[in-house]
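Take a look at the structure set out below.
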Amino acid sequence: MGAPKAAVLDVIFDPRHLLSPLHAQASCKQVSEALLSALPKPPRELSLPLDEANLAVTSHDTQSLVEAAVHLQQQHNAGPSPRRLRFRCGIHAMGDPAKPQSAEIAIARRLAATADLGGLCLSAQAIDQLDQPWRLDLHDRGAREDASGSAIHVFSIEHDMPTQVQPQHSDFGAILAVLPPDLGGNSTRLLAMANLVADTLIVALSRSSQLQVVSARSSRGLRHSRQALADAFEHLQAHHVLQCRGSVGVGDQLFLQLSLHDKQAGHSGPPLWQERLECKLEDLLYGEAFALQEACADVHRLLLHASLSVSKTLVWDSLENYQLFSAATQLMHKLSPGCLEQSGQMLSQLSQKQAQAAEPLAWLAFWHILKGVQGHGTIDEAATQAQAFAQAALDLDPGHALALTLLGHTLSIRGDLQQALAHHQQALQHNPSCALAWSFQALAQTYSNQTREACESARLGLALSPLDPWQYFLEAALAHALLAHQQYSEALLHAQQSLRLCASHAPTLLYLSVAQVRLGQATQAQASMHGLRQIWPDTTVGLFKTRYWGRNTPHAEDFAKALAEAGMPLL
């Protein structure tokens, strides 16, 4: 089975404004009963009345616990009475919901104490355990000090966030989402087999330059949704959805049923196409599941009246190696302390176990880029390591799209924008649906003053992976391109969305400052600059002019002037 996803919710009551102690006691009981009724058992494990001002509830399902707390907030805040009991909530991950540890409850209480009245705050560890974080209006508040003076990384749930800008799909062609198969169980082995089926379908369909395929990382975000098909149309903004159900028989024989659904017909309408097929796990591992690839060719022909060539897909020595790879790439984007380092160790181990595979090497290149973005070492150091691993992956597979675009990004960092753009183009020739390649290309185009093209590339990158764990970067790349193209209002919205997803991404704060200055929001721009200088304390306008990779473009001077107006020191 999968790793436990237990959590504890701590509620801090504030009864001081109520009429009497008896009124406060009755109100506390009312809130407690409302919470427990919103979280039936299971998944509720224990209700712990700590004292007259606190309540704790443990659950083995973090997602259900968060949704119950949100429901409680909405229900309790709906009434107009000024005598409502006010309270704060905090949620933290835990090991065993039946045996809560005092340290776990203490962290949940610290989180609750940082929340506004009526608010809900979560720890990074709790966020990592959510099955469907995209259903919640999460806001990364960064490290915040509590009453004890110690810092804790806090995420809040906001219900009044500005409207998000939906990607414009009209010019992108047909967008297809491939949902992870339901193989009738949730064991780690069955989930790995389901991911392998989805990867095979996505890799095969992504070869088409006429069809845009949503990334596997975004599609997997819908795995735990009870209405995955409807969510694919709504949250992935897909025009078509390929759904798969099946079972696993003796000898790891897979029995699959594929069905293709159209947005116009809706999730309840009949499918456009259906097919039953069989394949062996061994064929999937060795990239020889030709029945699946032929089904992809049929889907492509149905949607576009054009043929799709079939060939070998990714090759793995064993399901265990694929499981190790899948776990490592998921850990890479977790927020909990130590996950990034553990991910790198697992990828290094895999690159040794499967020495002729390009995939682990390409992701090690990505891992180094991610380390640089998160401030673990300098960007130049990260680029050097990423370049070495990307080149090693390309030595094994010259057409590896991720390795090509990562090598292109390291060339951008070195200032060789012409070669960088060439590598991004090669990546997109091999995989026209590589979201990261589109977004990295957008950066290189922005630095090269191809701002209109950069906006189109960045929009497509975001549309191809709308639930990406690295979505803050995709949003920031689009904000950057829009700023350079002088589309300040839209740039502001995408920069704000990026900042909500990751409060510590310094380039986002820089883009936000520029957009706010250009829109006449001087006070907000100064606040954004204050946040930027907390992350980059030594940054100056002079350093920006020297280090900005697009320093020779007209918009670089415009950015520099705006940053100075926002309060960045000149020297």
Side-chain angles (χ1 to χ4, degrees), residues 167 215 362 365-366 368-374 378-380 382-383 386-387 390 401-428 431-465 468 470-487 490-491 494-495 497-499 501-502 505-515 536 544-556 558-560 563:
S215 75
F366 187 33
H368 280 284
I369 292 292
L370 195 56
K371 278 194 72 176
V373 169
Q374 294 188 2
T378 68
I379 293 294
D380 287 339
Q387 186 172 10
L402 180 60
L404 281 166
T405 199
L406 290 171
L407 184 55
H409 185 57
T410 65
L411 290 167
S412 288
I413 296 173
R414 306 292 189 212
D416 192 347
L417 295 175
Q418 186 174 359
Q419 281 298 311
L421 286 168
H423 279 78
H424 297 316
Q425 280 296 305
Q426 289 180 51
L428 292 169
N431 182 357
S433 293
C434 182
L436 275 177
W438 284 108
S439 292
F440 278 132
Q441 176 175 265
L443 286 178
Q445 288 170 329
T446 304
Y447 297 135
S448 302
N449 203 38
Q450 301 174 31
T451 58
R452 184 182 299 276
E453 296 85 348
C455 291
E456 294 173 359
S457 296
R459 283 195 177 99
L460 184 50
L462 186 56
L464 288 174
S465 204
D468 199 296
W470 223 28
Q471 189 187 350
Y472 73 89
F473 167 78
L474 306 184
E475 294 277 3
L478 179 51
H480 183 200
L482 288 164
L483 276 181
H485 200 55
Q486 299 183 349
Q487 302 295 308
E490 190 180 355
H494 286 286
Q497 177 63 8
S498 176
L499 190 66
L501 296 169
C502 181
H505 189 227
T508 297
L509 286 161
L510 188 148
Y511 306 147
L512 195 59
S513 300
V514 173
W536 286 351
F544 169 78
K545 289 181 176 181
T546 302
R547 295 177 179 175
Y548 181 65
W549 302 334
R551 64 183 70 89
N552 296 321
T553 60
H555 67 260
D558 180 66
F559 283 13
L563 292 171

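These figures come from a predicted structure and were not determined experimentally. Side chains are part of it too, since the values below use all heavy atoms of this structure and drop only hydrogens, waters and symmetry mates.
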Are any side-chain N or O atoms of [X] and backbone N or O atoms of [Y], one a donor and one an acceptor, separated by less than 3.5 Å?
{"X": "T410", "Y": "L407", "answer": "yes"}
{"X": "S513", "Y": "L509", "answer": "yes"}
{"X": "W438", "Y": "P432", "answer": "yes"}
{"X": "T446", "Y": "A442", "answer": "yes"}

Atom [atom1] of [X] and atom [atom2] of [Y]: how far apart are they, to the nearest 0.5 Å?
{"X": "S498", "Y": "L478", "atom1": "OG", "atom2": "CG", "value": "10.0 Å"}
{"X": "W470", "Y": "S465", "atom1": "CH2", "atom2": "OG", "value": "11.5 Å"}
{"X": "L462", "Y": "Q471", "atom1": "CG", "atom2": "CD", "value": "6.0 Å"}
{"X": "C434", "Y": "L460", "atom1": "SG", "atom2": "CG", "value": "10.5 Å"}
{"X": "H494", "Y": "L483", "atom1": "NE2", "atom2": "CG", "value": "11.0 Å"}
{"X": "Y472", "Y": "T508", "atom1": "OH", "atom2": "OG1", "value": "8.5 Å"}

Going by the rule side-chain hydrogen bond (donor to acceptor under 3.5 Å, both in side chains), which residues pair with [X] if we only count those two or more places apart in sequence or in a different chain?
{"X": "S448", "value": "none"}
{"X": "H555", "value": "Y548, T553"}
{"X": "T451", "value": "H485"}
{"X": "S457", "value": "Q441, Q445"}

Provide the closest heavy-atom pair for [X] versus [Y] in the form atom of the first, atom of the second, distance.
{"X": "A437", "Y": "T405", "value": "CA-OG1, 3.2 Å"}
{"X": "L512", "Y": "A495", "value": "CD1-CB, 3.8 Å"}
{"X": "A506", "Y": "W536", "value": "CB-CE2, 3.3 Å"}
{"X": "S439", "Y": "G461", "value": "OG-CA, 3.8 Å"}
{"X": "A390", "Y": "A365", "value": "N-CB, 3.7 Å"}
{"X": "G372", "Y": "I379", "value": "O-CD1, 3.5 Å"}

Close side-chain approach of [X] to [Y], heavy-atom, < 4.5 Å:
{"X": "Q387", "Y": "I413", "result": "no"}
{"X": "L482", "Y": "Y511", "result": "no"}
{"X": "L443", "Y": "W549", "result": "no"}
{"X": "Q419", "Y": "R414", "result": "no"}

Distance flag, aromatic centroids of F473 and H480, threshold under 6.0 Å: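 They do not qualify: ring centres at least 6.0 Å apart.
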Contacts of H423 that satisfy ring-ring contact (aromatic ring centres under 6.0 Å, His included) - sequence neighbours left out: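 Applying ring-ring contact (aromatic ring centres under 6.0 Å, His included) to H423 gives none.
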Working for side-chain contact (heavy atoms from CB on, under 4.5 Å), residues L421 and Q450: CA-CA 11 Å; L421 286 168; Q450 301 174 31; 3.6 Å; yes
With D558 via salt bridge (charged side-chain N to carboxylate O under 4.0 Å, His left out) - residues at least two apart: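 For D558, the residues satisfying salt bridge (charged side-chain N to carboxylate O under 4.0 Å, His left out) (neighbours in sequence not counted) are R518.
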